[in-house]
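Here is the structure we will look at, set down as C-alpha coordinates.
Quick caveat, the model's predicted, so the values are computed rather than measured. Residue numbers start from 1 in every chain, and the chains themselves are labelled A, B, ... in the order their sequence lines are given, proteins ahead of strands. Just so you know, these numbers use all the heavy atoms, side chains as well, and skip hydrogens, waters and symmetry mates.
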There are 2 protein chains.
Amino acid sequence: MNQLPYREFPNEITQTVSILRPFVDRVVDRSALQTLAQRYSELDVDAVEACLAFLRTTADVQAALDTHFARYGLSMGKFTLLMQLSQVDGLTPSDCAERSGVTRATITGLLDGLEREGLVERRPCPDDRRMLRVHLTNVGRNLLDRMLPDHFCRTTGLMANLSSNEKTTLIKLLKKLQAGTPAMMQP
Amino acid sequence: MNQLPYREFPNEITQTVSILRPFVDRVVDRSALQTLAQRYSELDVDAVEACLAFLRTTADVQAALDTHFARYGLSMGKFTLLMQLSQVDGLTPSDCAERSGVTRATITGLLDGLEREGLVERRPCPDDRRMLRVHLTNVGRNLLDRMLPDHFCRTTGLMANLSSNEKTTLIKLLKKLQAGTPAMMQP
DNA sequence: CTATATTAATTAGGAAGCTAACTATTAGGC
DNA sequence: GCCTAATAGTTAGCTTCCTAATTAATATAG
(Lines give C-alpha, C1' and ligand atoms only; values in the text may rest on other atoms or scores of the structure.)
Protein backbone atom coordinates (compact mmCIF):
# COMPACT_ATOMS: atom_id res chain seq x y z
CA MET A 1 0.00 0.00 0.00
CA ASN A 2 1.48 3.25 -1.06
CA GLN A 3 2.10 6.34 0.99
CA LEU A 4 -0.87 8.61 1.33
CA PRO A 5 -0.58 12.33 0.84
CA TYR A 6 -1.90 13.11 4.30
CA ARG A 7 0.04 16.33 4.32
CA GLU A 8 -0.20 17.85 0.91
CA PHE A 9 1.11 21.19 2.12
CA PRO A 10 3.89 20.58 4.57
CA ASN A 11 4.79 23.38 6.94
CA GLU A 12 1.64 25.33 6.20
CA ILE A 13 -1.30 25.94 8.45
CA THR A 14 -3.78 24.40 6.10
CA GLN A 15 -6.40 23.33 8.64
CA THR A 16 -8.43 21.76 5.88
CA VAL A 17 -11.89 21.19 7.24
CA SER A 18 -12.62 18.79 4.45
CA ILE A 19 -15.98 17.16 4.29
CA LEU A 20 -15.74 13.40 3.91
CA ARG A 21 -15.08 12.74 0.28
CA PRO A 22 -18.06 10.85 -1.00
CA PHE A 23 -17.04 7.38 -1.84
CA VAL A 24 -17.63 7.69 -5.56
CA ASP A 25 -14.43 7.18 -7.57
CA ARG A 26 -13.12 5.37 -4.52
CA VAL A 27 -15.35 2.51 -3.56
CA VAL A 28 -18.49 2.83 -5.59
CA ASP A 29 -17.92 3.06 -9.28
CA ARG A 30 -20.79 2.92 -11.72
CA SER A 31 -20.78 -0.87 -11.88
CA ALA A 32 -20.92 -1.19 -8.10
CA LEU A 33 -23.82 1.23 -8.13
CA GLN A 34 -25.62 -0.88 -10.68
CA THR A 35 -25.11 -3.97 -8.57
CA LEU A 36 -26.60 -2.13 -5.60
CA ALA A 37 -29.47 -0.98 -7.79
CA GLN A 38 -30.41 -4.61 -8.32
CA ARG A 39 -30.92 -5.04 -4.60
CA TYR A 40 -32.61 -1.72 -4.02
CA SER A 41 -35.28 -0.84 -6.55
CA GLU A 42 -35.38 2.68 -5.08
CA LEU A 43 -31.84 3.41 -6.27
CA ASP A 44 -31.76 5.76 -9.26
CA VAL A 45 -28.22 5.46 -10.57
CA ASP A 46 -28.21 8.83 -12.33
CA ALA A 47 -29.51 10.64 -9.26
CA VAL A 48 -26.93 9.04 -7.00
CA GLU A 49 -24.14 9.80 -9.45
CA ALA A 50 -25.13 13.44 -9.71
CA CYS A 51 -25.39 13.68 -5.94
CA LEU A 52 -21.97 12.17 -5.42
CA ALA A 53 -20.44 14.40 -8.08
CA PHE A 54 -21.86 17.39 -6.26
CA LEU A 55 -20.58 16.25 -2.88
CA ARG A 56 -17.17 15.60 -4.25
CA THR A 57 -16.97 19.05 -5.80
CA THR A 58 -18.18 20.49 -2.54
CA ALA A 59 -15.38 18.80 -0.63
CA ASP A 60 -12.74 19.97 -3.09
CA VAL A 61 -13.93 23.56 -3.18
CA GLN A 62 -14.16 23.65 0.61
CA ALA A 63 -10.65 22.35 0.93
CA ALA A 64 -9.41 24.91 -1.57
CA LEU A 65 -11.12 27.78 0.23
CA ASP A 66 -9.83 26.58 3.58
CA THR A 67 -6.24 26.59 2.40
CA HIS A 68 -6.74 29.97 0.78
CA PHE A 69 -8.12 31.54 3.95
CA ALA A 70 -5.56 29.82 6.12
CA ARG A 71 -2.86 31.82 4.33
CA TYR A 72 -4.26 34.86 6.06
CA GLY A 73 -4.86 33.08 9.35
CA LEU A 74 -8.59 32.99 8.73
CA SER A 75 -11.35 30.48 8.30
CA MET A 76 -14.30 30.99 6.02
CA GLY A 77 -16.45 31.85 9.02
CA LYS A 78 -14.03 34.48 10.25
CA PHE A 79 -13.65 35.95 6.78
CA THR A 80 -17.41 36.18 6.39
CA LEU A 81 -17.63 38.01 9.69
CA LEU A 82 -14.92 40.48 8.73
CA MET A 83 -16.67 41.14 5.41
CA GLN A 84 -19.97 41.76 7.18
CA LEU A 85 -18.35 44.22 9.54
CA SER A 86 -16.59 46.01 6.72
CA GLN A 87 -19.97 46.55 5.09
CA VAL A 88 -21.89 47.51 8.22
CA ASP A 89 -19.88 48.70 11.18
CA GLY A 90 -21.15 48.00 14.69
CA LEU A 91 -23.29 44.94 14.08
CA THR A 92 -24.39 43.06 17.18
CA PRO A 93 -23.37 39.42 17.56
CA SER A 94 -27.00 38.48 16.97
CA ASP A 95 -27.00 40.42 13.71
CA CYS A 96 -23.88 38.57 12.65
CA ALA A 97 -25.49 35.25 13.50
CA GLU A 98 -28.59 36.03 11.50
CA ARG A 99 -26.64 37.22 8.48
CA SER A 100 -24.26 34.28 8.55
CA GLY A 101 -26.86 31.61 9.18
CA VAL A 102 -25.09 30.18 12.21
CA THR A 103 -26.08 30.23 15.87
CA ARG A 104 -25.16 33.00 18.27
CA ALA A 105 -23.06 30.50 20.20
CA THR A 106 -20.94 29.96 17.11
CA ILE A 107 -20.55 33.71 16.65
CA THR A 108 -19.34 33.99 20.23
CA GLY A 109 -16.58 31.53 19.44
CA LEU A 110 -15.57 33.18 16.17
CA LEU A 111 -15.53 36.62 17.78
CA ASP A 112 -13.39 35.27 20.61
CA GLY A 113 -10.86 34.19 18.02
CA LEU A 114 -11.01 37.41 16.00
CA GLU A 115 -10.72 39.53 19.14
CA ARG A 116 -7.79 37.47 20.41
CA GLU A 117 -6.07 38.14 17.09
CA GLY A 118 -6.85 41.86 17.40
CA LEU A 119 -8.95 42.05 14.23
CA VAL A 120 -12.17 42.98 15.93
CA GLU A 121 -13.41 44.72 19.05
CA ARG A 122 -16.53 44.20 21.16
CA ARG A 123 -17.91 47.38 22.67
CA PRO A 124 -20.78 47.71 25.11
CA CYS A 125 -23.98 49.19 23.76
CA PRO A 126 -25.17 52.08 25.93
CA ASP A 127 -28.87 52.04 25.00
CA ASP A 128 -29.37 48.32 25.59
CA ARG A 129 -26.91 46.79 27.97
CA ARG A 130 -27.71 43.24 26.86
CA MET A 131 -26.16 43.94 23.50
CA LEU A 132 -22.69 44.51 22.13
CA ARG A 133 -21.48 46.29 19.05
CA VAL A 134 -18.70 44.67 17.08
CA HIS A 135 -16.21 46.85 15.25
CA LEU A 136 -13.30 46.14 12.93
CA THR A 137 -9.97 47.36 14.27
CA ASN A 138 -7.45 48.98 11.98
CA VAL A 139 -5.58 45.70 11.97
CA GLY A 140 -8.72 43.96 10.76
CA ARG A 141 -9.39 46.55 8.10
CA ASN A 142 -5.80 46.34 6.89
CA LEU A 143 -5.98 42.56 6.70
CA LEU A 144 -9.04 42.77 4.46
CA ASP A 145 -7.46 45.45 2.28
CA ARG A 146 -4.40 43.33 1.93
CA MET A 147 -6.16 40.08 1.13
CA LEU A 148 -9.15 41.10 -0.99
CA PRO A 149 -7.27 41.61 -4.28
CA ASP A 150 -5.80 38.13 -3.96
CA HIS A 151 -9.15 36.77 -2.81
CA PHE A 152 -11.03 38.11 -5.81
CA CYS A 153 -8.31 36.98 -8.20
CA ARG A 154 -8.55 33.48 -6.85
CA THR A 155 -12.33 33.51 -7.00
CA THR A 156 -12.10 34.48 -10.64
CA GLY A 157 -9.58 31.70 -11.10
CA LEU A 158 -11.86 29.19 -9.45
CA MET A 159 -14.54 29.98 -12.01
CA ALA A 160 -12.19 30.47 -14.93
CA ASN A 161 -13.10 27.20 -16.63
CA LEU A 162 -16.74 28.24 -16.93
CA SER A 163 -17.89 30.59 -19.66
CA SER A 164 -20.34 33.34 -18.87
CA ASN A 165 -23.23 31.21 -20.12
CA GLU A 166 -22.02 28.23 -18.19
CA LYS A 167 -21.91 30.22 -14.98
CA THR A 168 -25.50 31.26 -15.55
CA THR A 169 -26.53 27.68 -16.27
CA LEU A 170 -24.69 26.45 -13.20
CA ILE A 171 -26.56 28.91 -10.98
CA LYS A 172 -29.85 27.80 -12.51
CA LEU A 173 -29.12 24.13 -11.94
CA LEU A 174 -27.90 24.76 -8.40
CA LYS A 175 -31.21 26.44 -7.63
CA LYS A 176 -33.01 23.33 -8.84
CA LEU A 177 -30.81 21.21 -6.65
CA GLN A 178 -31.51 23.48 -3.71
CA ALA A 179 -35.21 23.10 -4.37
CA GLY A 180 -34.81 19.38 -3.74
CA THR A 181 -33.46 19.71 -0.22
CA PRO A 182 -36.89 19.65 1.44
CA ALA A 183 -37.33 16.11 0.07
CA MET A 184 -34.21 15.15 2.01
CA MET A 185 -35.36 16.79 5.24
CA GLN A 186 -39.09 16.16 5.34
CA PRO A 187 -40.39 13.87 8.08
CA MET B 1 -35.86 41.96 15.41
CA ASN B 2 -37.89 38.86 14.95
CA GLN B 3 -37.26 35.48 16.43
CA LEU B 4 -34.80 33.38 14.53
CA PRO B 5 -35.52 29.76 13.69
CA TYR B 6 -32.47 28.51 15.50
CA ARG B 7 -34.21 25.23 16.08
CA GLU B 8 -36.01 24.33 12.94
CA PHE B 9 -36.63 20.80 14.13
CA PRO B 10 -37.43 20.83 17.80
CA ASN B 11 -36.98 17.64 19.75
CA GLU B 12 -34.95 16.02 17.04
CA ILE B 13 -31.30 15.19 17.01
CA THR B 14 -30.56 17.25 13.98
CA GLN B 15 -26.90 18.07 14.66
CA THR B 16 -26.83 20.18 11.57
CA VAL B 17 -23.19 20.73 10.76
CA SER B 18 -24.05 23.62 8.53
CA ILE B 19 -21.28 25.39 6.77
CA LEU B 20 -21.48 29.13 7.28
CA ARG B 21 -24.08 30.39 4.86
CA PRO B 22 -22.28 32.63 2.46
CA PHE B 23 -23.34 36.17 2.92
CA VAL B 24 -25.01 36.52 -0.44
CA ASP B 25 -28.74 37.22 -0.17
CA ARG B 26 -27.99 38.41 3.34
CA VAL B 27 -25.47 41.18 3.32
CA VAL B 28 -24.06 41.40 -0.14
CA ASP B 29 -26.63 41.74 -2.85
CA ARG B 30 -25.67 42.43 -6.41
CA SER B 31 -25.54 46.18 -5.90
CA ALA B 32 -23.27 45.86 -2.88
CA LEU B 33 -21.05 43.63 -4.99
CA GLN B 34 -20.91 46.25 -7.70
CA THR B 35 -19.94 48.88 -5.18
CA LEU B 36 -17.14 46.65 -3.99
CA ALA B 37 -16.11 46.04 -7.58
CA GLN B 38 -15.42 49.75 -7.94
CA ARG B 39 -12.86 49.56 -5.17
CA TYR B 40 -11.33 46.29 -6.25
CA SER B 41 -10.66 46.00 -9.92
CA GLU B 42 -9.93 42.30 -9.42
CA LEU B 43 -13.55 41.58 -8.49
CA ASP B 44 -15.46 39.79 -11.22
CA VAL B 45 -19.09 40.12 -10.20
CA ASP B 46 -20.28 37.10 -12.17
CA ALA B 47 -17.57 34.87 -10.78
CA VAL B 48 -18.29 35.90 -7.20
CA GLU B 49 -22.01 35.43 -7.69
CA ALA B 50 -21.55 31.95 -9.10
CA CYS B 51 -19.20 31.07 -6.27
CA LEU B 52 -21.62 32.29 -3.63
CA ALA B 53 -24.51 30.47 -5.26
CA PHE B 54 -22.48 27.30 -5.13
CA LEU B 55 -21.53 27.77 -1.50
CA ARG B 56 -25.06 28.49 -0.53
CA THR B 57 -26.31 25.34 -2.25
CA THR B 58 -23.52 23.43 -0.56
CA ALA B 59 -24.65 24.62 2.86
CA ASP B 60 -28.27 23.73 2.21
CA VAL B 61 -27.51 20.27 0.84
CA GLN B 62 -25.17 19.56 3.73
CA ALA B 63 -27.81 20.60 6.24
CA ALA B 64 -30.38 18.42 4.51
CA LEU B 65 -28.10 15.41 4.49
CA ASP B 66 -27.17 15.93 8.12
CA THR B 67 -30.79 15.92 9.24
CA HIS B 68 -31.47 12.89 7.07
CA PHE B 69 -28.62 10.89 8.53
CA ALA B 70 -29.40 12.08 12.05
CA ARG B 71 -32.72 10.26 11.83
CA TYR B 72 -30.74 7.05 11.89
CA GLY B 73 -28.29 8.25 14.50
CA LEU B 74 -25.58 8.66 11.87
CA SER B 75 -23.42 11.37 10.39
CA MET B 76 -22.36 11.42 6.78
CA GLY B 77 -18.93 10.18 7.78
CA LYS B 78 -20.34 7.25 9.70
CA PHE B 79 -22.72 6.37 6.89
CA THR B 80 -19.88 6.45 4.40
CA LEU B 81 -17.90 4.11 6.58
CA LEU B 82 -20.79 1.66 6.93
CA MET B 83 -21.30 1.67 3.16
CA GLN B 84 -17.62 0.98 2.59
CA LEU B 85 -17.69 -1.95 4.95
CA SER B 86 -20.85 -3.34 3.40
CA GLN B 87 -19.05 -3.38 0.06
CA VAL B 88 -15.74 -4.72 1.29
CA ASP B 89 -15.70 -6.54 4.59
CA GLY B 90 -12.62 -6.36 6.78
CA LEU B 91 -11.08 -3.11 5.60
CA THR B 92 -8.33 -1.71 7.78
CA PRO B 93 -8.77 1.75 9.30
CA SER B 94 -6.12 3.03 6.91
CA ASP B 95 -8.08 1.64 3.96
CA CYS B 96 -11.15 3.45 5.24
CA ALA B 97 -9.21 6.69 5.58
CA GLU B 98 -7.87 6.45 2.07
CA ARG B 99 -11.26 5.65 0.57
CA SER B 100 -13.03 8.38 2.52
CA GLY B 101 -10.44 11.07 2.00
CA VAL B 102 -10.06 11.84 5.70
CA THR B 103 -7.12 11.27 8.03
CA ARG B 104 -6.61 8.11 10.01
CA ALA B 105 -7.11 10.12 13.18
CA THR B 106 -10.60 10.99 12.03
CA ILE B 107 -11.32 7.36 11.23
CA THR B 108 -10.25 6.39 14.74
CA GLY B 109 -12.87 8.76 16.11
CA LEU B 110 -15.63 7.60 13.79
CA LEU B 111 -14.88 3.95 14.48
CA ASP B 112 -14.94 4.64 18.22
CA GLY B 113 -18.46 5.98 17.79
CA LEU B 114 -19.64 3.19 15.53
CA GLU B 115 -18.18 0.56 17.82
CA ARG B 116 -19.75 2.16 20.90
CA GLU B 117 -23.10 1.96 19.11
CA GLY B 118 -22.45 -1.68 18.23
CA LEU B 119 -22.57 -1.17 14.47
CA VAL B 120 -18.99 -2.19 13.81
CA GLU B 121 -16.26 -4.35 15.28
CA ARG B 122 -12.49 -3.99 15.28
CA ARG B 123 -10.64 -7.30 15.13
CA PRO B 124 -6.89 -7.84 15.38
CA CYS B 125 -5.11 -8.86 12.22
CA PRO B 126 -2.99 -12.00 12.77
CA ASP B 127 -0.51 -11.58 9.90
CA ASP B 128 0.37 -7.98 10.76
CA ARG B 129 -0.17 -7.02 14.35
CA ARG B 130 0.00 -3.30 13.57
CA MET B 131 -3.23 -3.55 11.65
CA LEU B 132 -6.89 -4.09 12.46
CA ARG B 133 -9.75 -5.39 10.39
CA VAL B 134 -13.08 -3.64 10.70
CA HIS B 135 -16.28 -5.62 10.29
CA LEU B 136 -19.96 -4.72 10.22
CA THR B 137 -21.97 -6.36 13.00
CA ASN B 138 -25.43 -7.71 12.32
CA VAL B 139 -26.82 -4.60 13.96
CA GLY B 140 -24.87 -2.50 11.50
CA ARG B 141 -25.97 -4.55 8.53
CA ASN B 142 -29.59 -4.33 9.67
CA LEU B 143 -29.38 -0.58 10.07
CA LEU B 144 -28.17 -0.22 6.50
CA ASP B 145 -30.84 -2.57 5.18
CA ARG B 146 -33.46 -0.60 7.02
CA MET B 147 -32.30 2.83 5.93
CA LEU B 148 -31.13 2.36 2.35
CA PRO B 149 -34.57 2.31 0.70
CA ASP B 150 -35.40 5.60 2.39
CA HIS B 151 -31.94 6.94 1.63
CA PHE B 152 -32.19 6.23 -2.07
CA CYS B 153 -35.72 7.61 -2.25
CA ARG B 154 -34.57 10.84 -0.70
CA THR B 155 -31.55 11.04 -2.99
CA THR B 156 -33.88 10.70 -5.96
CA GLY B 157 -36.06 13.37 -4.39
CA LEU B 158 -33.11 15.69 -3.96
CA MET B 159 -32.43 15.48 -7.68
CA ALA B 160 -36.04 15.39 -8.77
CA ASN B 161 -36.10 18.93 -10.10
CA LEU B 162 -33.35 18.17 -12.59
CA SER B 163 -34.09 16.39 -15.84
CA SER B 164 -31.78 13.69 -17.08
CA ASN B 165 -30.04 16.16 -19.39
CA GLU B 166 -29.74 18.68 -16.63
CA LYS B 167 -28.09 16.16 -14.34
CA THR B 168 -25.56 15.44 -17.03
CA THR B 169 -24.94 19.14 -17.59
CA LEU B 170 -24.60 19.71 -13.87
CA ILE B 171 -21.95 17.02 -13.58
CA LYS B 172 -20.07 18.54 -16.50
CA LEU B 173 -20.15 22.03 -15.00
CA LEU B 174 -19.15 20.74 -11.57
CA LYS B 175 -16.10 19.14 -13.14
CA LYS B 176 -15.15 22.50 -14.61
CA LEU B 177 -15.57 24.10 -11.23
CA GLN B 178 -13.44 21.39 -9.65
CA ALA B 179 -10.78 22.07 -12.26
CA GLY B 180 -10.54 25.61 -10.88
CA THR B 181 -9.65 24.59 -7.34
CA PRO B 182 -5.89 24.59 -7.98
CA ALA B 183 -6.13 28.32 -8.71
CA MET B 184 -7.52 28.77 -5.21
CA MET B 185 -4.83 26.66 -3.55
CA GLN B 186 -1.67 27.48 -5.50
CA PRO B 187 1.07 29.30 -3.64
C1' DC C 1 -45.24 48.61 39.90
C1' DT C 2 -44.20 44.15 40.37
C1' DA C 3 -44.05 39.44 38.25
C1' DT C 4 -43.37 37.18 34.17
C1' DA C 5 -41.74 37.02 29.20
C1' DT C 6 -38.43 37.66 26.07
C1' DT C 7 -34.06 38.82 24.35
C1' DA C 8 -28.76 38.98 24.20
C1' DA C 9 -24.70 36.92 25.09
C1' DT C 10 -22.19 33.39 27.11
C1' DT C 11 -21.04 28.82 28.83
C1' DA C 12 -20.83 23.82 28.91
C1' DG C 13 -20.55 19.79 26.53
C1' DG C 14 -20.42 17.10 22.21
C1' DA C 15 -19.30 15.83 17.20
C1' DA C 16 -16.31 15.76 13.23
C1' DG C 17 -12.62 17.55 11.10
C1' DC C 18 -7.44 18.67 11.34
C1' DT C 19 -2.03 18.35 12.63
C1' DA C 20 1.62 16.59 15.32
C1' DA C 21 3.50 13.46 18.29
C1' DC C 22 3.67 8.86 20.29
C1' DT C 23 3.73 3.54 20.53
C1' DA C 24 4.01 -0.82 18.43
C1' DT C 25 5.31 -3.51 14.89
C1' DT C 26 7.32 -4.73 10.55
C1' DA C 27 10.67 -4.14 6.73
C1' DG C 28 15.17 -3.05 4.73
C1' DG C 29 20.10 -1.82 4.47
C1' DC C 30 24.71 -2.76 5.47
C1' DG D 1 21.43 -10.05 12.38
C1' DC D 2 21.05 -5.57 14.24
C1' DC D 3 19.78 -0.60 13.52
C1' DT D 4 17.17 2.39 11.23
C1' DA D 5 12.95 3.38 8.17
C1' DA D 6 8.52 3.18 7.51
C1' DT D 7 3.79 1.90 8.65
C1' DA D 8 -0.61 1.35 11.59
C1' DG D 9 -3.20 2.98 14.99
C1' DT D 10 -3.98 6.02 18.75
C1' DT D 11 -3.74 10.18 21.52
C1' DA D 12 -3.62 15.15 22.56
C1' DG D 13 -4.94 19.50 21.48
C1' DC D 14 -7.03 22.77 18.23
C1' DT D 15 -11.15 24.68 15.27
C1' DT D 16 -15.86 25.21 13.95
C1' DC D 17 -20.09 23.90 14.19
C1' DC D 18 -24.20 22.33 17.14
C1' DT D 19 -27.92 22.16 21.33
C1' DA D 20 -29.25 23.28 25.89
C1' DA D 21 -28.81 25.82 29.93
C1' DT D 22 -27.41 30.05 32.37
C1' DT D 23 -27.10 35.06 33.39
C1' DA D 24 -28.25 39.66 32.80
C1' DA D 25 -31.18 43.14 31.05
C1' DT D 26 -35.38 44.78 29.03
C1' DA D 27 -40.33 44.67 27.93
C1' DT D 28 -44.97 43.58 29.00
C1' DA D 29 -49.22 42.29 31.44
C1' DG D 30 -52.23 42.70 35.21
Check: Q186(A) main-chain N/O paired with R154(B) side-chain donor or acceptor under 3.5 Å = yes
[N] pairs with which nucleotide, Watson-Crick or G-U wobble, both distances below 3.5 Å?
| N | answer |
| --- | --- |
| dA29(D) | dT2(C) |
| dT26(C) | none |
| dG17(C) | dC14(D) |

Just to confirm, is there a sub-4.0 Å distance from OP1 or OP2 of [N] to any side-chain nitrogen or oxygen of [X]?
| X | N | value |
| --- | --- | --- |
| R116(A) | dC14(D) | no |
| T106(A) | dC18(D) | yes |
| R129(A) | dA25(D) | yes |
| R122(B) | dT10(D) | yes |
| T108(A) | dT10(C) | yes |

Which nucleotide in the list [options] gets nearest to the side chain of [X]?
| X | options | result |
| --- | --- | --- |
| S94(B) | dA8(D), dT10(C), dA16(C) | dA8(D) |
| L110(A) | dT16(D), dA24(C), dT10(D) | dT16(D) |
| M131(B) | dA25(D), dA8(D), dT26(C) | dA8(D) |
| P93(A) | dC17(D), dG9(D), dA9(C) | dA9(C) |
| T103(B) | dC18(C), dG9(D), dA16(C) | dC18(C) |
| R130(A) | dC18(D), dT26(D), dT10(D) | dT26(D) |
| A105(B) | dA20(C), dA9(C), dA27(C) | dA20(C) |

Gap between atom CG of L119(B) and atom OH of Y72(B) - 0.5 Å precision |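 Answer rounded to 0.5 Å: 14.0 Å.
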Enter syn or anti for the glycosidic conformation of dA24(C), syn applying to angles within 90° of 0.
-> anti
In terms of base orientation, is dA5(D) syn or anti, with the syn window spanning 90° either side of 0?
->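 It is syn.
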Nearest whole angstrom, please: distance from the [atom2] of [N] to the [atom1] of [X].
| X | N | atom1 | atom2 | answer |
| --- | --- | --- | --- | --- |
| L111(B) | dT11(D) | CG | P | 12 Å |
| L132(A) | dT11(C) | CG | P | 11 Å |
| D127(A) | dT7(C) | CG | P | 18 Å |
| D66(B) | dG17(C) | CG | C1' | 13 Å |
| E117(B) | dG14(C) | CD | P | 14 Å |
| D95(A) | dT7(C) | CG | P | 15 Å |
| D112(B) | dG9(D) | CG | C1' | 11 Å |
| Q62(B) | dT16(D) | CD | P | 17 Å |

With a 4.5 Å limit on heavy-atom distance, are the side chains of D95(A) and Q84(A) in contact?
-> no
Would you indicate whether the side-chain heavy atoms of V61(B) and M184(A) approach each other to under 4.5 Å?
->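 The answer is no; the side chains never approach within 4.5 Å.
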Please lay out, stage by stage, how C125(B) and T92(B) fare under the test side-chain contact (heavy atoms from CB on, under 4.5 Å).
-> CA-CA 9 Å; C125(B) 182; T92(B) 67; over 6 Å; no
Compute the ring centroids of F79(B) and H151(B), then answer whether they are less than 6.0 Å apart.
->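 Centroid distance F79(B)-H151(B): below 6.0 Å, so yes.
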5' precedence on DNA chain D between G109(A) and D128(B) (nearest-nucleotide basis) =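 Looking at the nearest nucleotide for each, D128(B) comes out on the 5' side.
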